[in-house]
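Below is one structure, written out as structure tokens; the observations come after it.
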Amino acid sequence: QVQLVESGGGLVQAGGSLRLSCAASGSIFSITVMAWYRQAPGKQRELVAVISSGGSTNYADSVKGRFTISRDNAKNTVYLQMNSLKREDTAVYYCNVALYENAYARGAYWGQGTQVTVSS
């Protein structure tokens, strides 16, 4: 079994910063792709940023230049540094981790979600 625990959400004023963390634990052989998604009220969940096992990153156009995704492979943790936050960044943020539980069993897991609220 694999668990993902997110932290770092909260209330921040527009222009401020927050750093989200997502730590994976349990039956983990290796982790491949780690990503952050978000879902605003009344909207579909959308991909925010993704990082490969080799460190390659990709971002939604709406966050490019403001958000940075990174990972610490020794800690099985992915981070999302969010700067210059805007009201439209308000959403529940979810991490998603693709991993192998052993040499053959592969799966993808979601974190519980953490609320980010940006006030004007």
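Count residues from 1 along the sequence.
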> Side chain of T32, backbone of A98: donor and acceptor closer than 3.5 Å?
Replying inline: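 Yes.
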Just how far is it from atom [atom1] of [X] to atom [atom2] of [Y], taken to the nearest 0.5 Å?
X   : Y   : atom1 : atom2 : answer
M34 : C22 : CE    : SG    : 6.0 Å
N58 : S52 : CG    : OG    : 10.0 Å
S53 : N73 : OG    : CG    : 8.0 Å
M82 : T68 : CE    : OG1   : 11.0 Å
T77 : L4  : OG1   : CG    : 10.0 Å
S27 : Q3  : OG    : CD    : 9.5 Å

>> Check the orientation of W110 and Y94. Use parallel for under 30°, tilted for 30 to 60°, and perpendicular for over 60°.
In response: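 Correct class here is perpendicular.
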> Are D61 and K64 ion-paired here, with the side-chain N under 4.0 Å from a carboxylate O?
Replying inline: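 Here D61 pairs with K64 in a salt bridge, since their nearest N and O are under 4.0 Å apart.
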Within the 4.5 Å heavy-atom criterion, are [X] and [Y] side-chain neighbours or not?
X    : Y    : result
Q115 : T90  : yes
Y37  : V92  : no
L20  : V116 : yes

> Any chance CD of Q1 has more than 12 other-residue heavy atoms, nucleotides or ligands included, within less than 6.0 Å?
Replying inline: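 No - once you tally the heavy atoms of other residues, nucleotides and ligands closer than 6.0 Å, there are 12 at most.
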>> A quick test of your reading: do over 12 heavy atoms of other residues, nucleotides or ligands sit less than 6.0 Å from OH of Y100?
In response: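 No - once you tally the heavy atoms of other residues, nucleotides and ligands closer than 6.0 Å, there are 12 at most.
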> Do V50 and L80 belong together in a cluster built from hydrophobic side chains that touch within less than 4.5 Å?
Replying inline: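 No.
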> Transitive ILVMFWY cluster of L11 at side-chain heavy atoms under 4.5 Å: who else is in it?
Replying inline: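 Besides L11, the cluster holds no residue at all.
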> Would V63 and R38 count as a side-chain contact (heavy atoms from CB on, under 4.5 Å) if you check the C-alpha gap in whole Å, the side-chain angles of each, and the deciding distance to 0.1 Å?
Replying inline: CA-CA 12 Å; V63 307; R38 68 185 181 187; 3.9 Å; yes
